[in-house]
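The residues of the chain are indexed from 1 along the displayed sequence.
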Amino acid sequence: MKLDIIDLGLIEYERAWKLQDEYAAEIAEGKRPPTLLLLEHPHVYTFGRKGHAENLLWGEEQLKQKGISTHWVDRGGDVTYHGPGQLVGYPLIPLGRVNHDSKLPDADYVGYIRKLEKTLIVALAHFGIATGQRSGLTGVWIQADVHSRCPRCSPEDRKKPAKIAAIGVKVDVRGVSRHGFALNVNPDMEYWEGILACGLSEPVVSLADLLPSVPSMESVKAVVTTAFREIFEEK
């Protein structure tokens with residue numbers, strides 16, 4: 001499987017969502033190769049299929065003041081944040097048609113999520129950040145010994161694991177994946193105060209919290225692209 005990787009830059013959430021629909025239809029029809037979209041969004045909170053409105057902690061006035069839009073979408077998971085300084089990746093990959101009896105894709109859906117996590121774990125290792133998976137949870141995490149490097153974080157939080165990348169996906173009726181991952185590079189971490197991210201009270205961190213010199217978004221895109229090709233492209 002050869003991948004087409006497209007850098008969309010900073011793009012409104014709804015526009016990127018529509019592009020996913022267009023490109024996924026072309027991929028299902030064989031008119032476009034499997035594609036990874038890399039981008040950043042303006043400030044936005046999105047709720048997945050398991051979203052709970054009470055996990056939005058800020059009221060309408062605060063949302064307006066902060067310039068945050070909200071969307072209920074068709075990915076898995078609860079509420080998450082996207083914004084400038086966060087690398088978002090939307091892989092549009094044919095995984096196999098949906099089995100209408102079980103309502104699950106014939107392809108290894110869980111295995112696909114694990115491969116996304118592995119991609120980010122490999123990429124973050126390039127920057128000297130040791131990360132991993134956590135049993136029963138989705139995303140990429142640092143352990144407390146790494147979290148202890150975070151000068152912004154509270155002493156209590158630095159004793160806990162923290163999430164550095166979130167993952168929420170969907171497989172459409174033709175078996176093409178949508179949505180994807182969000183890696184915190186150097187976003188304004190204040191925006192996580194407005195939500196109970198993914199319905200969890202776990203701390204959230206960024207590369208900027210853990211490194212003395214923050215890598216550029218372009219360099220992070222390049223490293224993630226290399227890791228994604230390594231793990232997803234057939235040799």
Side-chain angles (χ1 to χ4, degrees), residues 10-14 16-17 39-73 75-90 117 120 124 127 129 131-134 136-169 179-215 217 220:
L10 183 68
I11 182 172
E12 291 285 348
Y13 188 86
E14 283 202 14
W17 196 4
L39 53 111
E40 295 174 73
H41 285 307
H43 303 297
V44 60
Y45 292 142
T46 71
F47 291 81
R49 292 188 301 271
K50 295 182 178 180
H52 294 85
E54 61 269 25
N55 288 334
L56 177 61
L57 306 179
W58 286 349
E60 288 297 325
E61 188 59 34
Q62 284 176 292
L63 296 176
K64 185 177 179 180
Q65 288 177 356
K66 296 286 188 181
I68 307 171
S69 61
T70 58
H71 298 277
W72 288 81
V73 300
R75 62 165 171 78
D78 203 314
V79 64
T80 195
Y81 163 77
H82 297 311
Q86 182 190 70
L87 176 59
V88 175
Y90 294 140
E117 291 169 341
L120 296 172
L124 288 163
F127 297 105
I129 302 296
T131 59
Q133 299 157 326
R134 290 185 68 190
L137 298 173
T138 299
V140 177
W141 304 75
I142 59 168
Q143 293 303 314
D145 60 334
V146 180
H147 197 186
S148 65
R149 303 182 200 173
C150 176
R152 173 192 61 82
C153 304
S154 71
E156 190 60 35
D157 277 350
R158 288 200 296 266
K159 299 175 184 178
K160 304 174 184 177
K163 182 182 279 191
I164 193 167
I167 292 175
V169 302
H179 304 287
F181 62 84
L183 171 61
N184 301 326
V185 179
N186 191 19
D188 184 342
M189 301 303 291
E190 179 187 5
Y191 284 84
W192 269 273
E193 296 175 10
I195 58 171
L196 194 59
C198 301
L200 303 172
S201 58
E202 302 281 358
V204 178
V205 296
S206 69
L207 277 173
D209 289 328
L210 305 173
L211 296 174
S213 179
V214 185
M217 183 61 73
V220 176

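- P161 pairs by the side chain to side chain contact (heavy atoms under 4.5 Å, CB included) definition with R134, Q143, not counting sequence neighbours.
- Residues forming a salt bridge (Lys or Arg N to Asp or Glu O under 4.0 Å) with R149 (at least two apart in sequence, or on another chain): none.
- Contact record, E193 with W58: O-NE1, 3.7 Å, taken as the closest heavy-atom pair.
- The aromatic rings of H179 and Y90 sit perpendicular to each other, their planes meeting at more than 60°, with 30° as the lower class boundary.
- Heavy-atom minimum distance, P203 versus H147: CB-CE1, 3.6 Å.
- Every residue was checked against the salt bridge (Lys or Arg N to Asp or Glu O under 4.0 Å) condition with E60, not counting sequence neighbours, and none meets it.
- The minimum heavy-atom distance linking W72 with A53 is given by the pair CH2-N, 3.9 Å.
- Using a 4.5 Å heavy-atom cutoff, the side chains of N184 and W192 are in contact.
- By the side chain to side chain contact (heavy atoms under 4.5 Å, CB included) test, I11 pairs with L8, R15, A16, L19, L39, H41, sequence neighbours left out.
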Derivation and outcome, side-chain contact (heavy atoms from CB on, under 4.5 Å), residues V146 and V205 | CA-CA 11 Å; V146 180; V205 296; over 6 Å; no
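- Partners of S148 under the side chain to side chain contact (heavy atoms under 4.5 Å, CB included) rule, at least two apart in sequence or in another chain, do not exist in this structure.
- Of all the heavy atoms in V73 and T46, the pair that sits closest is CG2-CB, 4.4 Å.
- In this structure A182 satisfies the side chain to side chain contact (heavy atoms under 4.5 Å, CB included) test together with H82, Q86, V88, sequence neighbours excluded.
- By the 4.5 Å heavy-atom criterion applied to side chains, E12 and E14 are not counted as neighbours.
- The environment of CD in Q62 is crowded: more than 12 heavy-atom neighbours from other residues, nucleotides or ligands sit within 6.0 Å.
- No side-chain heavy atom of L137 sits under 4.5 Å from any side-chain heavy atom of K163.
- Heavy atoms only, all atoms of each residue included: M217 and L87 are closest at SD-CB, 3.7 Å.
- In terms of heavy atoms, V214 sits closest to V185 at CG1-O, 4.3 Å.
- Rounding to the nearest 0.5 angstrom, the gap separating the CG atom in L211 from the CD1 atom in I129 is 4.0 Å.
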